[in-house]
Asks: 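My structure is below; once you've seen it, I'll send some questions.
In each ligand, atom 1 is the first atom listed, and ligand 1 is the first ligand listed.
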Amino acid sequence: MRAGEVRERFLSFFERSGHLRVPSASLVPSVYDPSVLLTTAGMQPFKPYFRGDEEPPSRRLTSCQRSFRTTDIENVGLTLRHLTFFEMLGNFSVGDYFKAQAVEWALDLSTSKEYGYGFDFESIWITVFGGDDELGLGPDEEAIGYWRAVGVPDERIVLLGRDDNFWQSGPTGPCGPCSELYLDRGPDFGPESDRPGDDTERHLEYWNLVFMQYELQADGALPELPTKNIDTGLGVERMASLTQGVPSVYETDLFGPLVGLGEELSGRKYGDDDATTRALRIIADHGR
Ligand code: GLY
């Protein structure tokens, strides 16, 4: 499945579920936002809606947002999955549906062979927020309950801490506990003892569901937003690597031509040795 179809399947699925499809906003933040230099996620242009400052054109939105993050820049080229510039598909609820519906749709789209990505249900693992003393929040039992309700066994539900499963778009702002979907890519990518969240390659995180209900303040206070919202992020490049059955984002139809150009211009070959592979990946990522 080429990247174009990865995008279209997502956006049309959520359109059919009553979401308004909106175009990607600019990489330079389209709304006043001193917390970031560049747009880092699909939710960024919608912050005024989540805060209740502006009325959204619809309570359900879906988009494919061009995003840029420097947080992972040192990992680019070293892993199979990290990028700086990427596209993020998302479905958003502004005070409309919440956890149960987000969980149900994410599983449906992940597993449907007809209109989704056709993953085996047994290969999908889930992570859930396990609580954090500093934030004063306990484990997200509600989310665990919804994953159980759609049939995910406890063995494939992993509780993780704030670093992995509490999402904020910057040092301050709208945020909340999150729950991620991972695909187990099998023994070619690592031993069975690998687990989501342990920074190995066997389980690839492909979709993050943020249950956005707080506004983190500079002093650490965590007041509730006016509504309970959903903000999800699914990386197009990672999903393309899964649907195309290639080991890394760099071998997808999105990156193949850029890596090929790097090879042509340098006279080196991707895969020749680690340093060359890393360099060609970095050129492709930064070139985009
Ligand atoms: N806003 C959700 C994410 O970036 O993962």
Asks: Between ligand 1 and T232, is the shortest N or O to N or O distance under 3.5 Å?
Replies: no
Asks: Return the option from L234, I230, D231, N208 holding the heavy atom at the smallest distance from atom 1 (N) of ligand 1.
Replies: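 Minimum heavy-atom distance to atom 1 (N) of ligand 1 goes to D231.
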Asks: Describe, in one word, how the ring planes of Y214 and F166 are oriented to each other, choosing from parallel (under 30°), tilted (30 to 60°) and perpendicular (over 60°).
Replies: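 Correct class here is parallel.
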Asks: Near M88, which atoms of ligand 1 are under 4.0 Å from a heavy atom of that residue?
Replies: 4 (O)
Asks: On a heavy-atom basis, which atom in G151 and which in F121 lie closest, and how many Å separate them?
Replies: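 The answer is O-CZ, 3.4 Å.
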Asks: Counting each atom of ligand 1 from 1 as listed, which ones have a heavy atom of V210 under 4.0 Å away?
Replies: 2 (C)
Asks: Heavy-atom distance under 4.5 Å between the side chains of E224 and E215, does that happen here?
Replies: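 No, too far: nothing below the 4.5 Å cut-off.
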Asks: When you measure from atom 4 (O) of ligand 1 to every protein heavy atom, which one gives the shortest distance, and what is it?
Replies: R69 NH2, 2.8 Å
Asks: If we set the cut-off at 4.0 Å for heavy atoms, which region of E180 has an atom near ligand 1: side chain, backbone, both, or neither?
Replies: neither
Asks: Are I144 and F129 co-members of a hydrophobic cluster defined by side-chain heavy atoms under 4.5 Å apart?
Replies: no
Asks: Among W167, W207, F46, which residue places a heavy atom closest to atom 3 (C) of ligand 1?
Replies: W167
Asks: When the ring planes of F46 and Y49 are compared, do they come out parallel, tilted or perpendicular, using 30° and 60° as the limits?
Replies: parallel
Asks: Output, in order, the C-alpha distance, side-chain angles, deciding distance and verdict of side chain to side chain contact (heavy atoms under 4.5 Å, CB included) for E180 and L209.
Replies: CA-CA 6 Å; E180 295 167 318; L209 315 183; over 6 Å; no
